[in-house]
A.B. asks: 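Got a structure here, written out as structure tokens. Questions coming.
Proteins get letters first, then strands, A, B, ... in listed order; numbering begins at 1 in each.
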Protein chains: 2
Amino acid sequence: MDPTPPRNSSVTVADVARMAGVSKATAARVLGGYGTVSDRVRDAVTLAARNLNYRPNELARSMTTGRSGTIGVVVGDIENPFFSLAVRGITDIARQAGFTVILTNSGENTETEKAAIRTLLAKRVDGLIVSPAKESDVDHLKDAIRSGCPMVLLDRGSRALGVDTVVADDGQAAEGITRRLIAGGHRRIAYLTACDTPDHCFRTSSDISTGSVRRRIEGFLRACREAGLAGMEAWVRLGALAPEETQRIATAMLTAKHAPTAIIASDSVIGLDVFKVCRTLGLDIPRDLSLVSFHDADWTAVTTPPVTVVRQPVYQLGETAARLLVERLNGDGGPASRVVLQTELVERASVADLSTEEMPRASE
Amino acid sequence: MDPTPPRNSSVTVADVARMAGVSKATAARVLGGYGTVSDRVRDAVTLAARNLNYRPNELARSMTTGRSGTIGVVVGDIENPFFSLAVRGITDIARQAGFTVILTNSGENTETEKAAIRTLLAKRVDGLIVSPAKESDVDHLKDAIRSGCPMVLLDRGSRALGVDTVVADDGQAAEGITRRLIAGGHRRIAYLTACDTPDHCFRTSSDISTGSVRRRIEGFLRACREAGLAGMEAWVRLGALAPEETQRIATAMLTAKHAPTAIIASDSVIGLDVFKVCRTLGLDIPRDLSLVSFHDADWTAVTTPPVTVVRQPVYQLGETAARLLVERLNGDGGPASRVVLQTELVERASVADLSTEEMPRASE
DNA sequence: TTTATTATTGAGACCGGTCTCTTTACGCAT
DNA sequence: ATGCGTAAAGAGACCGGTCTCAATAATAAA
């Protein structure tokens, strides 16, 4: 209609009110959709708003209402398909519920995480979804909670915080897959993770500050002990933080005299690098090495052989976290809940059964 | 120190000022880090702020300064590794420059995109980075620009908008890979994309509203024409929006009488599904089908055979977009620039050379 | 017709910062 | 001692909405 609608660099309710010939309060009522207004006035204001190309200032609104309509998300690394899928779940639910998402990467670094939380709090997010880098260092999270900001923990719980938590049954999953490997005759089973300790050596599971990984390692060790395998702590390898390091560690393990017959990769990024190393070293999976990875990443189904994985309901993890948070924001004052989503072992062809394989050979 | 620091549900500068025994203006000067204050007062205010556990309200600050310190990002789908990597690039740069990122998924849907832009504008983002779902429908973007919100287009340009744009040299890349296939003796080359038209049929490249894809198809057709191949438009297949559809389309193509000898997948998600279909159909790559995919996704290097891809500098795409935007926000008033990042053809083993393969057969 | 009740509208405070303008005070030169 | 320049601090408006409360108009009840 109007060929050059105004620039509206900042058309305010007052401007609209003036043009419509009503008070600021009345215009605000129409524009904000609250209170009671006559149809005649409503039309006049709506028309004026359209003509002026009025755009509400959500900032000003948040100012008085105290709700910003945003939720802050802190993940380790959005580039990791695990997180990008979870974030997709979060944003989908958030959008449905009328919230927008401010995304932050901690890079699995507590300092960055602290800064992120501070920024998000300053921006007055209505709630937080956090995947804490370290469970042991959560004072900043405690602060946020105490200051009244609802929080949901994603993938990594910290019971000390007493907030809603959504995790997968990592411990059981690891226990199950370990048991399966042991039943298949494996004894030298390595667990490879990005988590690290100051001296890069694993001693006890309490050294591991990333909740999900700690639970997995505990499950791994539990299954080992159950089978009478001792000293399996030595097979837990840390520090697979980047592709180069992962490949260095995997290469070292696999070329050593006492090489593992099976490796459990703590996430799909690590699993991929282990796979690459095998290819580089000319090792055949599963003949020379059995491989199991956490996270059913897309690539795991198309390799030769396809790799056996622990399928986590990642999207649902994000969805559930967001849903829990939205409930809180809508006034749910119930006690903190801990949702544990079931994982599923997807058996493909990267695991060898040493026991039955040996048998026919022995009898032939 | 203090065992129970206050709840600070809303400690304001006024509160801090009162406790420090100074005026609100003075406290604000200290807390906001502007103006001039005596050391004695500064210390008093700082101490009071700490005791009260004061947290600045960024919303209120934005209100007066007119800058929110956030940039809005609209991508098609964060779950797609292409976008998650680009977003990583964006957030890294944004954080360095002191901005936070509000992330939105359009789901490649223009209506959702419009709503997202509206919301982001209402939240008064300082700038926008958008990957428009359709180049043909950009009035909402034009509006945003006219209202004074700096914008950078990511991966998909629209010259009509006259704003900074960062894209890969999609046209050349497609042209190059097509030429290579043709030189290898391929004549029946299919191009498979998620983009769609109302009747699911491709006629002319102007039907394609996603900029990057349109440029690729144009490159593809250019190379075909150059080689004297006519009617290759028929080999452009649309509508690979979801795994099921991609697999349906690929299966139909590959089981038809006139099956393609090569398929170019418009992104790695589609490439993966084509790969799966080949496996299902028992087709050998590259003997029965040559496959090339856009985007050097992690899985492409570990399949058997590894697949030839067009490597786009995705992270840098995001980085560059963010950098450009930050420059604008810092007052750069120069003309809109169009940055074209070079792609790289990563030749692996999924492409067969029909010409040399046929020759020995013919002479045997 | 008068009063009670309700629907509309207006005036203005408020949210929590920033920022301009003014006042006060101090140090130094004349 | 007087005057001036400048540093430090206070007062209060303002940003753009929301929201309470009072005022007015319209409708219903008596």
Side-chain angles (χ1 to χ4, degrees), chain A residues 8-46 48-49 52-70 118-119 121-126 147-148, chain B residues 8-46 48-49 52-70 118-119 121-126 147-148:
Chain A
N8 111 311
S9 33
S10 68
V11 177
T12 73
V13 278
D15 298 324
V16 176
R18 201 172 310 122
M19 167 162 261
V22 298
S23 75
K24 182 184 154 197
T26 303
R29 272 189 272 261
V30 176
L31 267 13
Y34 58 90
T36 143
V37 209
S38 69
D39 291 351
R40 204 175 44 74
V41 170
R42 183 188 319 281
D43 293 346
V45 172
T46 308
L52 290 170
N53 191 24
Y54 167 78
R55 303 227 193 216
N57 184 332
E58 192 67 36
L59 253 43
R61 181 173 295 169
S62 305
M63 189 91 229
T64 49
T65 60
R67 308 192 85 200
S68 64
T70 57
R118 206 178 317 122
T119 307
L121 248 30
K123 295 217 184 288
R124 293 297 192 266
V125 293
D126 292 333
S147 77
Chain B
N8 112 312
S9 34
S10 66
V11 177
T12 71
V13 278
D15 298 325
V16 175
R18 201 172 311 122
M19 166 163 260
V22 299
S23 75
K24 181 184 153 196
T26 303
R29 271 189 273 261
V30 176
L31 267 13
Y34 57 90
T36 144
V37 210
S38 70
D39 290 351
R40 204 174 43 74
V41 169
R42 184 189 318 282
D43 292 348
V45 171
T46 308
L52 289 171
N53 190 24
Y54 167 78
R55 303 227 194 216
N57 184 331
E58 192 67 36
L59 253 43
R61 180 173 297 170
S62 305
M63 190 91 229
T64 48
T65 59
R67 308 192 86 201
S68 64
T70 56
R118 206 178 317 123
T119 307
L121 249 27
K123 294 219 185 287
R124 293 297 192 263
V125 292
D126 292 333
S147 77

A.B. asks: Which is the 5'-most and which the 3'-most nucleotide of DNA chain D that has an atom under 4.0 Å from a heavy atom of chain B?
C.D. replies: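 First-to-last contact on DNA chain D, by the 4.0 Å heavy-atom rule, is D:dA8 to D:dG16.
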
A.B. asks: If you round to the nearest 0.5 Å, how far is CG of B:Leu31 from CZ of B:Arg61?
C.D. replies: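 Those atoms lie 8.5 Å apart.
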
A.B. asks: State whether the side chain of A:Asp126 and the backbone N or O of A:Arg67 hold a donor-acceptor pair below 3.5 Å, judged by distance alone.
C.D. replies: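 Checked: no pair found.
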
A.B. asks: If I take atom CG from residue A:Leu59 and atom CE from residue B:Met63, how far apart are they, to the nearest 0.5 angstrom?
C.D. replies: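 Between A:Leu59 CG and B:Met63 CE, I get 6.5 Å after rounding to 0.5 Å.
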
A.B. asks: Angle between the two end axes of the helix from C:dT1-D:dA30 to C:dT30-D:dA1, five base pairs per end, rounded to 10 degrees?
C.D. replies: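 Between the first-five-pair axis and the last-five-pair axis there is 50°.
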
A.B. asks: Rounded to the nearest 0.5 Å, what separates atom OG in A:Ser10 from atom CG in A:Asn57?
C.D. replies: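 Atom-to-atom, A:Ser10:OG and A:Asn57:CG are 9.0 Å apart.
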
A.B. asks: Here's a test of your reading of the structure: between B:Ala27 and A:Met63, which maps to the more 5' nucleotide of DNA chain D?
C.D. replies: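 Closest to the 5' end, via its nearest nucleotide, is B:Ala27.
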
A.B. asks: How long is the gap from OG1 on B:Thr70 to CD on B:Glu58, to the nearest 0.5 Å?
C.D. replies: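 Answer for the OG1-CD pair, B:Thr70 versus B:Glu58, is 9.0 Å.
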
A.B. asks: Using heavy-atom distances to pick each residue's nearest nucleotide on DNA chain C, tell me which of B:Asn57 and B:Arg29 is more 5'.
C.D. replies: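 Comparing both residues, the 5'-ward one is B:Asn57.
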
A.B. asks: Should B:Asn53 and B:Val11 be marked as a side-chain contact (heavy atoms from CB on, under 4.5 Å) after you check the CA-CA gap, both sets of side-chain angles, and the distance that decides it?
C.D. replies: CA-CA 8 Å; B:Asn53 190 24; B:Val11 177; 5.8 Å; no

A.B. asks: Look only at the side chain of B:Asp43 and the backbone of B:Arg40, and say whether a donor-acceptor pair between them is shorter than 3.5 Å.
C.D. replies: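 Checked: no pair found.
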
A.B. asks: Got a sec? Which of residues 12-20 of chain B come in under 4.0 Å of DNA chain C, heavy atoms?
C.D. replies: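 The answer is B:Thr12, B:Val13.
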
A.B. asks: Could you measure the distance from the CG atom of A:Asp15 to the CE atom of A:Met19? Nearest 0.5 Å is fine.
C.D. replies: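 Interatomic distance, A:Asp15 CG to A:Met19 CE, rounded to 0.5 Å: 9.5 Å.
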
A.B. asks: Find which nucleotide of DNA chain D each of B:Thr64 and B:Arg42 is nearest to by heavy atoms, and output the residue with the more 5' nucleotide.
C.D. replies: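 Going by which nucleotide is closer to the 5' end, it is B:Arg42.
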
A.B. asks: Return the 5'-most residue of the pair A:Thr36, A:Ala25 with respect to DNA chain C, ranking by each residue's nearest nucleotide.
C.D. replies: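 It is A:Thr36, whose closest nucleotide lies nearer the 5' terminus.
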
A.B. asks: State which residue, out of A:Val13, A:Val41, A:Val22, A:Val37, fulfils the side chain to side chain contact (heavy atoms under 4.5 Å, CB included) condition with A:Arg29.
C.D. replies: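 Result: among A:Val13, A:Val41, A:Val22, A:Val37, A:Val37 is the only option passing the side chain to side chain contact (heavy atoms under 4.5 Å, CB included) with A:Arg29.
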
A.B. asks: Under the 3.5 angstrom rule, does the side chain of A:Ser68 hit a backbone N or O of A:Arg124 as a donor-acceptor pair?
C.D. replies: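 Yes: the side chain of A:Ser68 pairs with the backbone of A:Arg124.
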
A.B. asks: How long is the line joining CG of A:Asp43 and P of C:dT9, in whole Å?
C.D. replies: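 Rounding to the nearest Å, CG of A:Asp43 and P of C:dT9 are 11 Å apart.
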
